[in-house]
Amino acid sequence: MLAKRIIPCLDMANGRVVKGVHFVDLKDAGDPVELGGRYYQEGADELVFLDITATVEARKTVVDLVRRVADSIFIPFTVGGGIATVDHIYQLLRAGADKVSINSAAVKRPELVREAAVAYGSQCIVLAVDAKRVGNKWKVFIGGGRVETDLDALEWIDKGEALGAGEILLTSMDCDGTQTGYDLELLRTVSQRVRIPVIASGGAGSPEHLLAALEEGRADAVLAASIFHYHRYSIPAVKEYLANNGIVVRGVN
Amino acid sequence: MIVVIDYTAGNLYNVGHALKHLGADFMFSGDPADVGRADKIILPGVGAATPAMKSLADQGLVKALRQVRVPFLGICLGLQLLFEVSEEEDTPCLGLLPGRVLRFDSSQVKVPHIGWNRVAGTNGSSQPDSPLFDGVPAGSFFYFVHSYYAPVEEPVTLGSTEYGLSFSSVVVRDNLWGVQFHPERSGEIGLKLLENFVELS
């Protein structure tokens with residue numbers, strides 16, 4: 001049986017891991033390769049590296065980082081942040097990334113998802129969606145959550161799936177950084193709507209939150225940052241908790 | 001010298017990272033002459049069968065791969081290409097193993113099959129009976145990412161995995177092995193399996 005995945009996320013700015021609330025107030029949380037290596041040894045199922053500065057200058061740094069990660073970490077990892085062209089995707093995959101996550105650029109030019117999926121396969125194209133409640137709907141935000149768009153999140157996710165995205169990385173902007181739990185209603189709505197895996201993101205503060213996302217939210221995987229970065233919970237402890245609650249997780253080797 | 005087949009569908013860099021980590025003697029090559037001289041062959045691959053077979057054909061590799069008599073490991077799409085035909089646009093494949101590769105039914109399960117899953121042996125055993133699994137604990141999880149699968153078919157199927165149905169996750173015939181998962185992405189367990197292949201004599 002397919003295990004639920006536990007995915008530590010490393011937000012990066014200028015080559016360092018950072019963590020903030022609602023994408024602002026960033027604090028330094030360490031070296032990406034070092035932290036990634038620690039999570040690998042502890043039994044993380046995948047890693048996500050997001051360059052939240054995503055400047056043109058940072059691009060080369062990220063490709064170098066991907067190469068360093070691929071040299072020492074033998075689990076899948078996704079790279080995201082400012083990815084806007086098929087050529088950029090090629091560079092990252094060639095450097096050793098297993099998947100890329102596309103966010104703002106896909107909103108601006110949805111065909112990018114299709115082009116990338118045709119070129120490299122849906123399995124390496126993750127559509128990242130930052131959703132926030134506006135009235136009784138969820139709206140898509142871009143630019144690291146700073147820019148509201150007219151897009152309805154559910155309609156956009158449907159479109160992304162049709163364009164060939166292989167997974168949805170779904171971040172609740174309302175919950176991100178709060179450590180008060182994932183937006184379970186958003187998760188459940190999306191998970192029941194699409195036929196591709198959904199990764200829950202935004203709001204994890206405890207193992208109970210991860211369990212709720214997997215059970216009530218019906219997510220295929222859970223992404224979390226703060227609870228791991230500051231040693232609040234270890235990955236084995238989280239996995240043990242989930243396993244004790246009937247969730248199939250990959251054991252720590 | 002292990003030759004890792006270099007063609008457009010290869011995720012060969014990560015296979016290379018893992019082989020380098022293991023200290024294996026290997027090279028990337030898409031030259032049929034290197035295939036003929038290799039001690040072992042690894043055929044990696046992600047993505048779609050049709051462009052992959054076209055790429056192998058364009059590089060003159062189809063005939064060379066069909067003639068391989070040394071240990072030969074297909075990974076992910078590389079396993080699927082060992083069979084006769086893929087349901088993906090009815091693409092003819094290498095035909096080294098009998099049978100047809102099918103697509104998961106997305107009305108039954110989410111497609112692609114992405115994540116960590118277990119591999120069981122045949123006849124109810126918990127572990128495939130193969131030197132590739134020496135030192136690999138029974139019930140270990142491996143990382144999968146694929147939309148197509150080879151049905152279980154004895155005696156080719158050596159290991160199977162459940163995802164809505166039971167499919168071939170490890171296949172074997174003579175010098176040929178195929179694994180549907182990515183050993184190069186399956187942590188220390190996957191590295192152990194690759195190391196076992198490297199050390200096969």
Side-chain angles (χ1 to χ4, degrees), chain A residues 1-7 40-47 66-78 90 92-99 117-126 161 164-168 191 194-199 218 220-221 239 248-253, chain B residues 8-22 45-49 51-52 76-77 88 104-118 120 136-137 139-148 161-164 181-192 194:
Chain A
M1 196 175 162
L2 186 63
K4 299 290 187 182
R5 288 171 280 156
I6 311 303
I7 309 177
Y40 167 61
Q41 294 299 339
E42 283 189 355
D45 296 314
E46 285 187 39
L47 296 172
V66 167
R67 215 169 273 126
R68 282 169 62 215
V69 170
D71 245 347
S72 58
I73 294 179
F74 300 101
I75 52 173
F77 67 97
T78 302
Y90 172 75
L92 293 166
L93 295 177
R94 192 178 169 101
D98 295 275
K99 315 178 203 181
V118 166
Y120 306 112
S122 293
Q123 82 291 330
C124 64
I125 309 302
V126 179
E161 181 182 21
E167 285 180 282
I168 301 293
S191 292
V194 297
R195 299 302 303 161
I196 53 178
V198 175
I199 305 166
R218 305 190 191 178
D220 299 281
K239 285 193 164 185
V248 177
V249 288
R250 163 186 169 249
V252 181
N253 300 323
Chain B
T8 56
N11 58 333
L12 64 169
Y13 308 106
N14 287 335
V15 173
H17 280 301
L19 290 173
K20 194 173 103 191
H21 182 80
L22 293 169
V46 290
C76 192
L77 181 63
E88 194 168 350
F104 283 116
D105 180 355
S106 62
S107 69
Q108 301 296 315
V109 288
K110 289 191 172 186
V111 181
H113 172 221
I114 297 184
W116 298 79
N117 209 329
R118 288 192 164 107
V136 173
S140 291
F141 283 87
F142 294 89
Y143 188 78
F144 290 82
V145 48
H146 60 123
S147 299
Y148 291 78
T161 293
E162 299 293 326
Y163 189 60
F181 51 83
H182 288 276
E184 76 282 8
R185 278 295 176 251
S186 295
E188 301 298 320
I189 292 296
L191 291 175
K192 179 64 190 165
L194 270 182

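Throughout, a chain's letter reflects where its sequence line sits, starting with A, and its residues are numbered from 1.
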Legend entry - Minimum heavy-atom distance between B:R185 and A:D98, given as atom pair plus value: NE-OD2, 2.7 Å
Inset, instruction - Check whether A:A95 gets within reach of chain B through its side chain, its backbone, both or neither, counting any heavy atom under 4.5 Å. - result: backbone
Legend entry - Contact origin within A:V198 toward chain B - heavy atom pairs under 4.5 Å: both
Inset, instruction - Select one option (side chain, backbone, both, neither) describing which atoms of B:H146 are under 4.5 Å from chain A's heavy atoms. - result: neither
Inset, instruction - Apply the side-chain contact (heavy atoms from CB on, under 4.5 Å) test between B:W116 and each candidate in A:I75, A:V248, A:L2; give the one that qualifies. - result: A:I75
Inset, instruction - Against chain A, label B:I114 side chain, backbone, both or neither, depending on which of its atoms sit under 4.5 Å from a heavy atom there. - result: both
Inset, instruction - Could you tell me whether a side-chain N or O of A:R195 sits under 3.5 Å from a main-chain N or O of B:S106, the two making a donor and an acceptor? - result: yes
Legend entry - Which of A:V249, A:V194, A:D71 touches chain B most, by non-hydrogen pairs under 4.5 Å: A:D71
Inset, instruction - Can you measure from CG (A:L93) to CG (B:N14) and round to the nearest 0.5 angstrom? - result: 9.5 Å
Legend entry - Interface residue of largest heavy-atom contact number with chain A, from B:K110, B:E184, B:R118, B:E162, under 4.5 Å: B:K110
Inset, instruction - Under 4.5 Å, counting heavy-atom pairs only, tell me which of A:A3, A:G121, A:A97, A:S122 racks up the most with chain B. - result: A:A3
Legend entry - Where B:P112 and A:P197 come nearest, the two heavy atoms and their spacing: O-CG, 4.1 Å
Legend entry - Proximity breakdown for B:S147 and chain A, heavy-atom pairs closer than 4.5 Å: neither
Legend entry - Interface moiety of B:A18 toward chain A, non-hydrogen atoms closer than 4.5 Å: both
Inset, instruction - To the nearest 0.5 Å, tell me how far B:E188 CD sits from A:Y40 OH. - result: 3.5 Å
Legend entry - Inter-residue atom distance B:H17.NE2 - A:R67.CZ, 0.5 Å rounding: 8.0 Å
Legend entry - Worked verdict on A:R250 versus B:I189 for side-chain contact (heavy atoms from CB on, under 4.5 Å): CA-CA 12 Å; A:R250 163 186 169 249; B:I189 292 296; over 6 Å; no
